[in-house]
Amino acid sequence: EVQLVESGGGLVQAGGSLRLSCVASGFSFDDYAIGWFRQAPGKERQGVACIVTSDGSTFYADSVKGRFTASSDNAKSTVYLQMNTLKPEDTAVYYCALTPSRKRLGLTPLGIHEYDYWGQGTQVTVSS
């Protein structure tokens, strides 16, 4: 059974930083990708970043480019999302998700329908 467990959320002031972690287990896919998504109250879930763990390729939403960085430690089956220069509008529940094959990403690497497995989410709150 595929399991994804996020951690690292919390309360931070605007301009601050947080690092989220996503530990993945229970699978043996060779070319998978992990995406990071967020959902604010009353808004749709949106993709913010993803990383192809086999080669480290990354994709970012325009809203987080230059501020967020996705990375992976394959030996630990862990993906990270380093979030810098946080803004109040970054406040949301953050989820990591897994797609079994990078081929699924196509032209929409941050499309929620490309990902089959989801974590439970971690709250990030940025105060002004």
Side-chain angles (χ1 to χ4, degrees):
E1 179 185 2
V2 177
Q3 289 191 328
L4 302 171
V5 179
E6 304 98 334
S7 62
L11 173 64
V12 65
Q13 289 187 331
S17 299
L18 283 174
R19 189 178 79 158
L20 306 182
S21 299
C22 173
V23 180
S25 63
F27 63 93
S28 60
F29 309 123
D30 294 330
D31 198 21
Y32 66 96
I34 297 286
W36 286 98
F37 297 79
R38 66 186 182 188
Q39 188 166 20
K43 295 188 177 181
E44 293 185 352
R45 191 170 299 188
Q46 61 175 193
V48 295
C50 79
I51 182 167
V52 179
T53 57
S54 59
D55 65 6
S57 299
T58 53
F59 304 88
Y60 298 96
D62 288 343
S63 58
V64 306
K65 279 181 181 177
R67 300 190 299 123
F68 290 12
T69 303
S71 62
S72 66
D73 183 338
N74 293 344
K76 296 181 179 180
S77 298
T78 301
V79 168
Y80 303 98
L81 184 68
Q82 178 67 43
M83 306 186 295
N84 298 328
T85 319
L86 283 161
K87 305 174 181 180
E89 51 263 44
D90 294 318
T91 295
V93 177
Y94 283 71
Y95 301 88
C96 65
L98 182 149
T99 184
S101 171
R102 67 182 300 170
K103 296 179 181 179
R104 291 270 302 275
L105 300 181
L107 297 177
T108 57
L110 300 179
I112 63 172
H113 300 296
E114 309 306 335
Y115 294 82
D116 294 335
Y117 306 96
W118 293 79
Q120 82 289 351
T122 185
Q123 177 70 46
V124 171
T125 303
V126 184
S127 63
S128 57

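Applying the disulfide bond (SG atoms under 2.5 Å apart) test to residues at least two apart or on different chains, none of the pairs has a partner in residues 37-85. Pairs of residues two or more places apart, or lying in two chains, that qualify as side-chain hydrogen bond (donor to acceptor under 3.5 Å, both in side chains) and include a residue from residues 13-31 are Ser17-Asn84, Asp31-Ser54.
Taking Ile, Leu, Val, Met, Phe, Trp and Tyr as hydrophobic and joining them when side-chain heavy atoms fall under 4.5 Å apart, one finds Leu107 isolated, its cluster having no other members.
Residue Leu4 comes nearest to Leu98 through the heavy atom pair CD1-N, 3.7 Å, listed as atom of the first residue, atom of the second, then distance. Among all heavy-atom pairs drawn from Ala49 and Leu81, the shortest one is CB-CD1, 4.0 Å. Taking each heavy atom of Ala33 and Leu105 in turn, the nearest pair found is CB-CD1, 3.9 Å. Listed here is the closest heavy atom pair of Pro100 and Tyr117: CG-CE1, 4.2 Å. Summarising the geometry of Pro109 relative to Tyr115, their closest heavy-atom pair is O-OH, 2.6 Å, with the distance given to 0.1 Å. A pairwise comparison of heavy atoms in Ala92 and Ala40 identifies CB-N, 3.8 Å as the closest pair.
Ring geometry, Tyr95 versus Trp118: the interplanar angle exceeds 60°, so the pair is classed perpendicular (tilted spans 30 to 60°).
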Phe68 and Asp90: CA distance, side-chain angles, deciding distance, side-chain contact (heavy atoms from CB on, under 4.5 Å) verdict: CA-CA 11 Å; Phe68 290 12; Asp90 294 318; 4.0 Å; yes

Intermediate values then yes/no, side-chain contact (heavy atoms from CB on, under 4.5 Å), Val124 and Val126: CA-CA 7 Å; Val124 171; Val126 184; 4.2 Å; yes

Stepwise side-chain contact (heavy atoms from CB on, under 4.5 Å) test for Gln39 and Ile112: CA-CA 12 Å; Gln39 188 166 20; Ile112 63 172; over 6 Å; no

Test log, rule side-chain contact (heavy atoms from CB on, under 4.5 Å), inputs Val12 and Met83: CA-CA 11 Å; Val12 65; Met83 306 186 295; over 6 Å; no

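At a threshold of 4.5 Å between side-chain heavy atoms, the hydrophobic network of Ile, Leu, Val, Met, Phe, Trp and Tyr places Val93 and Val64 in two separate groups. Hydrophobic clustering keeps Val79 apart from Phe37 (ILVMFWY residues linked when any side-chain heavy atoms are closer than 4.5 Å, directly or through intermediates). The cluster map of Ile, Leu, Val, Met, Phe, Trp and Tyr, joined by side-chain heavy atoms under 4.5 Å apart, puts Trp36 and Tyr80 in different clusters. Under a hydrophobic-cluster definition in which Ile, Leu, Val, Met, Phe, Trp and Tyr are linked whenever side-chain heavy atoms come within less than 4.5 Å, directly or via other members, Leu18 and Val23 are assigned to different clusters.
Lys76 meets the salt bridge (charged side-chain N to carboxylate O under 4.0 Å, His left out) test with no other residue; sequence neighbours excluded. Residues passing the disulfide (SG to SG under 2.5 Å) test with Cys96, sequence neighbours excluded: Cys22. In terms of the ring-ring contact (aromatic ring centres under 6.0 Å, His included) criterion, residue partners of Tyr32 (sequence neighbours excluded) are, by chain and number, Phe27.
Under a 3.5 Å cut-off, the side chain of Tyr60 and the backbone N or O of Ala70 do form a donor-acceptor pair. In terms of modelled atom types and a separation under 3.5 Å, the side chain of Ser72 and the main chain of Asn74 share no donor-acceptor contact. The backbone N or O of Glu114 lies less than 3.5 Å from a partner atom in the side chain of Thr99, making a donor-acceptor pair. Panel note: side chain Gln46, backbone Arg38; no donor-acceptor pair is recorded below 3.5 Å.
Summarising the geometry, atom CD belonging to Gln120 is positioned 10.0 Å from atom CD belonging to Gln3; distances are rounded to the nearest 0.5 Å. Taking OG from Ser57 and CZ from Arg102, the interatomic distance works out to 4.5 Å, rounded to the nearest 0.5 Å. Distance CD1/Ile51 to OG1/Thr58: 6.5 Å, rounded to 0.5 Å. To the nearest 0.5 Å, the span separating CD1 on Ile34 from OG on Ser71 amounts to 12.0 Å. Atom OG1 of Thr91 is separated from atom CD of Gln123 by 7.5 Å, given to the nearest 0.5 angstrom.
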